[in-house]
Every structure is written in C-alpha cells, then in structure tokens.
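Everything below concerns the one structure shown next.
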Amino acid sequence: MILAGRLLLPDDADGVELAAGTVELDGDTIAAVNVGDTTTQADAGGPDALICPAFTDTHLHLPQFDQVGAHVTPLLRWLQDVTFPNERRWENTGFARGMAERVVGQLLSVGTSGVAAYATVHAEGTRAALEVFTQRGFRGVIGQTLIDREAPDYLCRPADQLLDETAALLDKFSPGQRMSAAVTPRFAITCTAPLLEGAGRLAAERHAAVQSHLAETVAECDFVGELFGGKRYVDVYRDAGLLRPGSLWGHGIHLDDADRVTLRGHDAVVAHCPTANSFLRSGSMPWREHHAADVAVSLGSDIGGGYERSMVRVARAMIETAAARGDAYPTAAQAWRQITAGNAELLPGPDGGVLLPGATADVLVIEPDVPWLDHPDPLAMLLWAWDDRWLERTVVRGEVGYAAG
C-alpha cells in the first residue's frame with residue numbers, strides 16, 4: 001500500500017515538520033518513507049492530504065465511554081453517583097466484550113491506535129477487553145482496576161484475589177507484547193496499604209507497566225492524607241514501590257516542587273487530561289512547572305470525565321489550558337508531536353507514533369477541506385480548524401481499521 005501527501009515527520013527539536021512524499025507499507029511494517037516523491041500511483045492520499053502516524057491516548061477508561069457528559073461534580077461524588085454503577089455492568093463478561101468492541105470502533109474513527117486504558121475490577125471483563133484490543137491490532141496496556149475499600153461493596157475485592165487475578169492477566173498478556181496487561185490501582189483512596197504494596201511487588205517482579213491517578217482534586221489529596229497518616233500523595237505510591245520508570249499517573253494537578261522532584265527522580269510520567277480537568281472542575285495542570293522540573297508529561301482523553309475522544313481536540317485543550325494559566329504553552333508542532341511520537345514513546349512495548357522505515361504501519365490518511373497548505377502555519381490551522389470528518393483512513397498494522405463512508 002502506498003500513501004501520498006504531506007508527511008508528518010519528526011524534526012531535530014521537540015516538534016514535527018511537514019514534507020511532501022509517500023509512505024510505502026509492506027504487511028504490518030513501513031517499508032519506505034520517500035521524501036519528495038509525488039507519485040500519482042498512490043492507493044490513498046493526494047497532494048493536499050496529511051499522512052500522519054496514528055494517535056496514542058495515555059489515559060482513558062473503557063467502561064466510561066457511555067457516560068460522557070455526566071455533569072456531576074466534584075470528582076468523588078461523580079465516581080459514586082455515575083462511574084461506579086456504570087463499571088458494575090462489566091461483571092457481565094459478554095457486556096464487557098461488546099463494549100470493548102464498540103470502544104475500539106470509536107477510537108479508530110478518531111485515529112487512535114495506542115492506549116493506556118483502565119478496565120474495571122472484573123478480571124474476566126478486563127481479559128475480554130485485552131483480547132478485543134489485541135485482535136484489532138492496538139498497541140499499549142489495559143489494566144484491571146484494584147479496589148478493596150472506599151467503593152460500593154459490589155466493586156470491592158480482597159487484596160489477595162486482585163493481585164492473583166492481575167498476575168494471571170500478566171501471564172497471558174505479558175510485558176513486551178504489543179498489547180499487555182498493566183498493574184492498575186484505581187487510586188490510593190480505594191486501595192489499602194497492603195494492596196498498594198502487593199501491587200508494587202507484582203510490578204517489580206513482572207517488570208509490568210503501572211498506571212493510576214494522582215492529585216486530581218484538592219479533596220482527594222486531603223482524603224489520601226487522612227487515610228495514610230498524613231503522607232504526601234506521591235509518597236504513598238513511592239513507599240509502595242509503585243513509582244517506577246515509565247509509570248503513568250493521571251492528572252498530576254495539585255503537586256508542588258517537592259512532588260515534582262520525587263516524580264522526576266523515579267522517571268515517572270504525568271498523564272495530563274485537560275478536558276476532564278475542565279469538565280469536572282478539578283483544576284488546571286501546571287504544564288510549565290512540570291516541564292521546567294523535567295517531569296515527563298503525556299496526554300490523555302480521560303474518557304468519560306473527558307468529553308473529547310479525538311486526541312487532536314485534547315491537544316488543543318492542552319494549549320488552551322496552559323495559555324489560560326498565563327504560562328508558556330506548547331506550539332502546534334509540539335502538540336502534534338505529543339499525540340503521535342510523544343505519547344507513543346511513553347508507552348511500554350514496540351515502536352509507535354513515527355513514520356520511519358521499519359516502524360509498525362500505524363498510519364492515518366487525513367484529507368482536510370480547508371486550504372491548510374496556504375496558511376502561514378499549516379499545522380496550527382489543522383489543529384484549530386480540526387474536523388473529525390477529515391480522517392479518511394486509519395491503518396493499524398498495515399490493515400485498514402477504519403475508512404470514512
């Protein structure tokens with residue numbers, strides 16, 4: 001398969017650049033990237049098309065796709081009133097599998113092929129989701145959420161049971177595979193110290209990915225202090241052995257300089273979720289401070305607290321959030337890099353997010369209906385004028401996973 005258009009390529013800084021050319025796919029691999037090639041023999045694309053690596057979403061909740069727009073605040077009430085009842089439905093494994101299939105279709109329709117996702121406390125539902133995402137060629141991790149307190153009885157499980165179930169998932173969907181299981185404490189509030197410590201040991205023994213939530217709201221931070229004898233939120237995870245290189249911590253809003261030093265010292269990643277933070281009125285992540293402290297930051301939709309499935313729209317919200325704080329903010333080129341190579345390189349597993357020979361063939365064909373190439377900053381026009389209907393094709397591992405029309 002040959003795709004032609006303007007190629008979104010990495011530059012020498014922390015952004016991307018555009019170059020006319022073609023991308024040749026051979027099976028599930030990019031066989032060649034030909035800059036300057038304007039062949040008319042392409043299978044898709046054209047002179048005004050954007051050929052782009054598929055997007056990666058580093059924080060989303062699979063069972064919450066049906067609750068987007070449930071405008072109940074604040075966070076802790078939203079969980080009790082909306083989220084936990086929805087997650088209960090995943091006790092039916094058939095329902096979980098069917099929903100995972102619907103979610104995959106939605107993600108492909110907005111160009112996403114890489115995820116760091118949360119399932120529910122239900123091991124079989126999580127297994128079903130992992131199977132669906134694996135079959136459809138996705139890259140990333142999905143975790144069974146670990147909950148043994150501060151949630152309805154129908155979601156709480158004994159710590160030993162949860163750890164055994166997660167270990168079994170790691171046996172089948174092991175680290176290093178394109179799609180693997182992750183160690184996923186829901187957040188410190190819903191986990192006793194023994195469960196967190198067991199999760200930390202399991203992650204270390206299996207070299208598994210870790211993901212959870214951190215400092216999303218002030219009330220949450222205060223409650224964590226009450227539950228853990230006044231400890232700082234970050235230190236609760238550190239002391240349990242969960243602050244590991246590459247571990248993904250959703251939100252990271254209410255942190256100070258000492259917290260950032262701890263995160264940086266453990267090579268942990270903050271998964272920034274600007275649309276969810278706005279929707280639930282949780283606050284705005286200090287993008288400038290995190291970057292100044294050299295804390296790695298990824299970007300996530302946080303469906304269903306977040307209301308945008310498209311990572312282009314989430315990237316736009318990232319810029320808006322930083323600008324509203326009065327901070328220095330990412331450029332359009334940096335935003336495009338974030339949702340492609342930037343996010344992909346922060347997930348465990350094989351390559352992703354780049355148009356390079358030998359990389360996996362996860363590629364988008366985008367056909368804007370605006371004169372974007374005549375704009376002084378074409379990438380800015382695409383970002384701010386974005387229309388999901390421009391996505392003509394999503395290719396995952398060399399196969400067309402979504403085609404418009």
Side-chain angles (χ1 to χ4, degrees), residues 1-10 16 18-47 49-57 100-101 103-117 129-142 172-181 209 311 336-337 339-367 390-405:
M1 185 187 305
I2 299 177
L3 310 176
R6 297 301 174 108
L7 313 183
L8 191 79
L9 302 173
V16 290
L18 295 168
T22 60
V23 176
E24 298 179 30
L25 310 184
D26 183 5
D28 64 359
T29 303
I30 295 176
V33 176
N34 307 302
V35 174
D37 182 3
T38 56
T39 180
T40 59
Q41 304 303 312
D43 299 292
L50 174 68
I51 308 302
C52 175
F55 304 137
T56 295
D57 185 341
E101 290 170 347
V103 168
V104 160
Q106 292 181 41
L107 291 172
L108 292 174
S109 75
V110 292
T112 295
S113 71
V115 296
L130 278 158
E131 289 171 350
V132 168
F133 275 70
T134 298
Q135 291 162 3
R136 296 298 295 273
F138 271 66
R139 171 183 180 268
V141 297
I142 297 174
K172 181 172 177 61
F173 302 95
S174 57
Q177 296 184 42
R178 183 172 166 89
M179 197 78 221
S180 62
M311 289 307 296
W336 281 98
R337 184 189 186 281
I339 61 177
T340 54
N343 275 359
E345 68 189 15
L346 294 173
L347 284 189
D351 61 85
V354 291
L355 301 181
L356 291 174
T360 305
D362 298 341
V363 188
L364 308 179
V365 180
I366 298 165
E367 298 187 352
W390 295 348
L391 182 60
E392 193 275 333
R393 187 174 302 191
T394 301
V395 178
V396 182
R397 298 192 67 185
E399 299 289 336
V400 178
Y402 165 82

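Sequential numbering from 1 along the given sequence is applied to the chain's residues.
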Nearest-0.5 Å distance, CG of residue L18 to CD1 of residue I51:
11.5 Å
So which atom in P348 and which in V141 form the shortest heavy-atom distance, rounded to 0.1 Å?
CG-CG1, 3.6 Å
Reference residue L25; test side chain to side chain contact (heavy atoms under 4.5 Å, CB included); the match among T360, D43, I30
I30
Search all heavy atoms of R139 against all heavy atoms of M179 and return the closest pair with its distance.
C-SD, 3.9 Å
CG of L9 to CZ of R337, rounded to nearest 0.5 Å, is 13.0 Å
Separation between CG (D57) and CZ (F138), nearest 0.5 Å, reads 10.0 Å
Chi angles and distances behind the side-chain contact (heavy atoms from CB on, under 4.5 Å) call for N343, F55
CA-CA 8 Å; N343 275 359; F55 304 137; over 6 Å; no
Answer yes if the side chains of Q177 and S180 hold a donor-acceptor pair under 3.5 Å, and no otherwise.
no
If you look only at pairs with a residue in residues 105-115, which of them pass as a salt bridge (charged side-chain N to carboxylate O under 4.0 Å, His left out), with sequence neighbours excluded?
none
Please assess M311 against V110 for the test side-chain contact (heavy atoms from CB on, under 4.5 Å), listing each intermediate value before the final yes or no.
CA-CA 8 Å; M311 289 307 296; V110 292; over 6 Å; no
Q106 atom CD, over 12 foreign heavy atoms within 6.0 Å
yes
Run through V363, L391, L3, I366 and flag the one making a side chain to side chain contact (heavy atoms under 4.5 Å, CB included) with C52.
I366
Value for OG1 (T56) from CG (L107), rounded to nearest 0.5 Å, stands at 11.0 Å
To check you understand the geometry: which heavy-atom pair defines the closest contact between G111 and T394, and what is its length?
CA-OG1, 3.8 Å
Rounded to the nearest 0.5 Å, how far apart are CG of L108 and OH of Y402?
10.0 Å
Please tell me if the side chains of V104 and Q135 come closer than 4.5 Å, counting only heavy atoms from C-beta onward.
no
Search all heavy atoms of E392 against all heavy atoms of A44 and return the closest pair with its distance.
OE1-CB, 4.4 Å
Within residues 18-36 or reaching into it, pairs that qualify as side-chain hydrogen bond (donor to acceptor under 3.5 Å, both in side chains) - sequence neighbours excluded
T22-N34, T22-D37, E24-N34, D28-R397
Smallest separation among heavy atoms of A361 and G27, with atom names:
CB-O, 4.4 Å
Reported OG1-to-CZ distance for the pair T134 and R178, which is rounded to 0.5 angstrom
10.0 Å
Under the 3.5 angstrom rule, does the side chain of R136 hit a backbone N or O of V396 as a donor-acceptor pair?
no
Can you give me the closest heavy-atom contact between L347 and G114, atom names plus distance?
CD1-C, 4.4 Å
